[in-house]
Undergrad: 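Provided herewith is a single structure, encoded as structure tokens, for subsequent inquiry.
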Number of protein chains: 2
Amino acid sequence: MRPTVHDIAAEAGVSLATVDRVLNDRPGVRGVTKAKVEAAIASLGYVRDVAAANLAKSRVYPLVFILPEGDNPFMRGLEAEVRRAGLHSAIERTRLSVVTVPAFDAAALADAMDAAIAEGVSGIAAVAVDALEVFAAIDRAREAGVPVVTLVSDLSGSGRDHFIGVDNIAAGRTAGSLMGRFLGNRPGRVAVLAGSMRVRDHGERLEGFLAAMSAMPNARAILPVLEGQDDPDLSFKLIADCLAAVPDLAGIYNLGAGNRGLLKALAVRGTGLCVIVHELTGETRGALESGVIDAVLNQDAGHEVRSAIRVLRAKADGLSVNAAQERIRLDIFIKDNLPPAGPDEE
Amino acid sequence: MRPTVHDIAAEAGVSLATVDRVLNDRPGVRGVTKAKVEAAIASLGYVRDVAAANLAKSRVYPLVFILPEGDNPFMRGLEAEVRRAGLHSAIERTRLSVVTVPAFDAAALADAMDAAIAEGVSGIAAVAVDALEVFAAIDRAREAGVPVVTLVSDLSGSGRDHFIGVDNIAAGRTAGSLMGRFLGNRPGRVAVLAGSMRVRDHGERLEGFLAAMSAMPNARAILPVLEGQDDPDLSFKLIADCLAAVPDLAGIYNLGAGNRGLLKALAVRGTGLCVIVHELTGETRGALESGVIDAVLNQDAGHEVRSAIRVLRAKADGLSVNAAQERIRLDIFIKDNLPPAGPDEE
DNA sequence: CTGTTAGCGCGTTCAC
DNA sequence: GTGAACGCGCTAACAG
């Protein structure tokens, strides 16, 4: 049996309450007493039983996820993962809720954050929009003692406690590297489709992609970036026009959403191209299987949600997080290592 | 607040003990009473608080991992992950131990399993060797009520409760697909290095690799498989000889261990080759960064260990496991999406 | 067959 | 400053 608070109390010659005060770093303990207790803790190798502690506290953690609304499949997948995690909320003593706001709408995001703070949530996870209103809302949360993590798209430089998502520069590099190798010495230019350069993750991916492509042995021309606003219809039009206008097109990298439009355009005329996109969804999975898409770069939404919950709980309790363990990997999927379809769609 | 056993007792008009008997499916309850309690459980939407239950039981789960000994870096990494998971054993009420046995030694593995059963462990995770002794030992564990999971290399057809590892046929296909695409229309033959065809995972990887290569648009000759017995020295010799004897060698796939020998041989003369190997270790990481290796296929040892623990605990409690959640993914790493080096070495 | 009671390890009033 | 006692949700003795 491992040591309990009783053992420590006995070892240190004090009562349970005093041990508890020392353990939770609360006032009302003399320095000498505290030292005695700490010595006992160290010598016995005590580790607190978190489950029992939570049981005693009977504390619940209301956590809110603020996500962009709309039909972006990745975001809807993220939402589904939050709901799924909510099923386990019982055992984890956490109560999860999702709030959706218009995409790229900084004011709406800030409002949602303020509402959450007012409600007294114990943590906020949000897909950050790069705007001053959001910086300010994060600061207000900080003042209110509510931890904030950014999800998928970061806002470094703000007061957010943690970022949960992939290294987007590395993601772009990975795409460029794969594109270069898959194309080999085949001639032709490459097109890049983005959502909007106004969000950080897209900008970072582009940066990494261009760097990797230019480092390839075979120099290759990259067409000016197409901005599809993550909108399927606009993306379709941009790609269709591009396919018509660029006879020697060799590859396409879509670093944003809007895959549906891209795939629709490729269905018309899209063989022989090297196509690399982000996010494994029902659509991209199908296109990977049928050979229309060559590779999908993915961030696991389920991992991200669970990581956000762990981090927010830890921060709410004032604990430190193991950054290495919370790092989100960039998955490379090709037709052959595609995992079986998940419950929502993956 | 969610309902507790007290609420159920009140709702059903019985005592706590009766509720507990029904919940844990223990005898000594009349059919009518049982039905009443079950109705109350359903109507209140009760879900048991596992943490509290474990606390009350103060049960511990002694789990044993049986791994091949020797300097196979992947296996040592697995062992390190078990030790790391052991640090959390406190909170999970699990006591982890590792036993190493000579690699490919079925009798030693069977003995270790019998010893574990005799010790009264509540679960066994083992890297399976494909032999009758092991089948028999698994059956004995089953009779003793001790759940068994196979790790990394499966033994389907045996009585093992679960397999934790990657789909090795898909892994081979993935390697073949990447090899084919990376080589493109470059001419040359491809060599395959294996440990031993006597273990299932190696056989399955080869099968997948050959299938994928033959499905490529450019037909390419594959040299006869080299069996390095997962031994660095033998692997070195085989590859060095191959490099000398095959002037038009274009690529090498190592589907087993022994990467150290392979890398040593490549250091002598190994530029311009497409090299794909398994398992991300300190060695393969370095070779990936320096460009000697083009891709590493990996199974996350940490995930595997944690999955094994979850599955064994569930089986020990007679619970069902969510197979989809426990599936181990095949990671593809290239230079650009390499995660930061982990605590042990990755 | 069913109910009572005493903890599991910890946090938290309250008194002293 | 410090300590005793109760309860979190559940299980397991022991009565009845």
Side-chain angles (χ1 to χ4, degrees), chain A residues 1-38 40-41 44-61 88-95 316-319, chain B residues 1-38 40-41 44-61 88-95 316-319:
Chain A
M1 261 340 182
R2 60 182 229 262
T4 76
V5 280
H6 291 90
D7 302 319
I8 298 179
E11 176 86 6
V14 298
S15 80
L16 268 45
T18 303
V19 174
D20 187 62
R21 289 189 188 94
V22 175
L23 279 176
N24 295 299
D25 204 39
R26 269 180 303 220
V29 184
R30 245 186 325 173
V32 212
T33 322
K34 186 171 177 183
K36 269 197 304 190
V37 174
E38 279 167 347
I41 291 177
L44 292 180
Y46 170 82
V47 270
R48 162 212 246 108
D49 185 328
V50 199
N54 281 335
L55 176 59
K57 277 194 292 217
S58 70
R59 169 170 185 184
V60 291
Y61 301 77
H88 302 268
S89 63
I91 140 168
E92 296 182 355
R93 313 200 91 74
T94 159
R95 204 174 309 290
D317 285 340
L319 305 175
Chain B
M1 258 348 189
R2 59 184 231 261
T4 75
V5 280
H6 291 90
D7 302 320
I8 298 178
E11 175 86 7
V14 298
S15 77
L16 289 179
T18 304
V19 174
D20 187 63
R21 290 188 187 99
V22 175
L23 279 175
N24 295 299
D25 204 40
R26 270 181 299 223
V29 184
R30 241 189 329 172
V32 212
T33 324
K34 185 171 178 183
K36 268 196 304 189
V37 174
E38 279 168 345
I41 291 177
L44 293 181
Y46 169 84
V47 270
R48 153 214 256 112
D49 185 327
V50 199
N54 280 335
L55 175 59
K57 276 193 290 218
S58 70
R59 171 172 184 182
V60 290
Y61 300 76
H88 302 268
S89 63
I91 141 167
E92 297 183 353
R93 313 200 90 74
T94 159
R95 205 175 308 289
D317 285 340
L319 304 175

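Letters go in sequence order (proteins before strands), and every chain restarts at 1. Remember, predicted model here, so these are calculated numbers, not experimental data.
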Undergrad: Between B/Ala51 and A/Ala51, what is the shortest heavy-atom contact and its length?
TA: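 Heavy-atom minimum between the residues: CB-CB, 3.9 Å.
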
Undergrad: Any N or O donor-acceptor pair under 3.5 Å from the base of D/dG9 to the side chain of B/Arg2?
TA: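 Such a pair does not exist between side chain and base.
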
Undergrad: Indicate yes or no: at least one non-hydrogen side-chain atom of B/Val60 is less than 4.5 angstrom from one of B/Thr94.
TA: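 SC-SC contact between B/Val60 and B/Thr94 ruled out.
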
Undergrad: With sugar-phosphate meaning primed atoms plus P, OP1 and OP2, does A/Ala17 contact a base, only sugar-phosphate, or nothing at under 4.0 Å between heavy atoms?
TA: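 Contact class for A/Ala17: base.
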
Undergrad: Mind calculating the distance between NE2 (B/His6) and C1' (D/dG7) to the nearest angstrom?
TA: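 Whole-Å distance recorded here is 10 Å.
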
Undergrad: Between D/dT11 atom C1' and B/Asp317 atom CG, what is the distance in whole Å?
TA: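 B/Asp317 atom CG is separated from D/dT11 atom C1' by 13 Å.
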
Undergrad: Using only side-chain N and O atoms of A/Arg26, determine if any of them is under 4.0 Å from OP1 or OP2 of C/dT12.
TA: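 Yes.
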
Undergrad: Taking atom types as they are modelled, is there a donor-acceptor pair under 3.5 Å from the base of C/dT2 to the side chain of B/Arg30?
TA: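 Checked by distance alone, the answer is no.
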
Undergrad: Rounding to a whole Å, what distance do you find between A/Ile8:CD1 and D/dG3:P?
TA: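 Taking CD1 of A/Ile8 and P of D/dG3, I get 14 Å after rounding.
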
Undergrad: A/Ala52 side chain: which of C/dT2, C/dC10, D/dC10 is closest?
TA: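 Among the listed nucleotides, the one closest to the side chain of A/Ala52 is C/dC10.
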
Undergrad: Provide the closest heavy-atom pair for B/Pro3 versus B/Tyr46 in the form atom of the first, atom of the second, distance.
TA: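 The pair with the smallest heavy-atom distance is O-CD1, 3.4 Å.
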
Undergrad: Rounded to whole angstroms, how far apart are CG on B/Asp7 and P on D/dG9?
TA: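 So the two atoms are 8 Å apart, to the nearest Å.
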
Undergrad: Regarding A/Asp20 and A/Arg48, does a basic nitrogen lie under 4.0 Å from an acidic carboxylate oxygen?
TA: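 Not counted as a salt bridge, because no side-chain N and carboxylate O are separated by less than 4.0 Å.
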
Undergrad: Whole Å only: how far is the CG atom of B/Leu55 from the P atom of D/dG9?
TA: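 So the CG-P distance, B/Leu55 to D/dG9, works out to 12 Å.
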
Undergrad: Think A/Arg48 has a side-chain N or O under 4.0 angstrom from the OP1 or OP2 of C/dG11?
TA: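 Affirmative; the distance criterion is met.
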
Undergrad: Nearest-Å distance, CG (B/Asn24) to P (D/dG9)?
TA: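 The distance from CG of B/Asn24 to P of D/dG9 comes to 17 Å, rounded to the nearest Å.
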
Undergrad: Rounded to whole Å, how long is the line connecting atom CG of A/Asn54 with atom C1' of D/dG7?
TA: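 It is 15 Å, rounded to the nearest whole Å.
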
Undergrad: Could you give the CG-to-C1' distance, from A/Asp20 to C/dC14, as a whole number of Å?
TA: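 Computing the A/Asp20:CG to C/dC14:C1' distance gives 14 Å.
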
Undergrad: Would you sort out whether A/Asp7 and A/Arg2 count as a salt bridge (Lys or Arg N to Asp or Glu O under 4.0 Å), showing the intermediate values?
TA: CA-CA 9 Å; A/Asp7 302 319; A/Arg2 60 182 229 262; over 6 Å; no

Undergrad: Nearest heavy atom decides the nucleotide; on that basis, is B/Ala53 or B/Gly13 closer to the 5' end of DNA chain C?
TA: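 Going by which nucleotide is closer to the 5' end, it is B/Gly13.
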
Undergrad: Is any side-chain nitrogen or oxygen of B/Thr4 closer than 4.0 Å to OP1 or OP2 of D/dG9?
TA: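 So the side-chain polar atoms of B/Thr4 never come under 4.0 Å of the phosphate oxygens OP1 or OP2 of D/dG9.
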
Undergrad: Does a side-chain N or O of B/Thr18 approach OP1 or OP2 of C/dG3 to a distance below 4.0 Å, or not?
TA: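 Yes, such a contact exists.
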
Undergrad: Side-chain N or O of B/Thr33 less than 4.0 angstrom from OP1 or OP2 on C/dC1?
TA: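 For C/dC1, neither OP1 nor OP2 has a side-chain N or O of B/Thr33 closer than 4.0 Å.
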
Undergrad: Could you check which of D/dC10, C/dG3, C/dC10 has an atom nearest any side-chain atom of B/Val14?
TA: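 For the B/Val14 side chain, the nearest candidate turns out to be C/dG3.
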
Undergrad: Name the residue closer to the 5' end of DNA chain C, choosing between B/Lys57 and A/Lys57 according to the nucleotide with the nearest heavy atom.
TA: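 Final value for this comparison: B/Lys57.
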
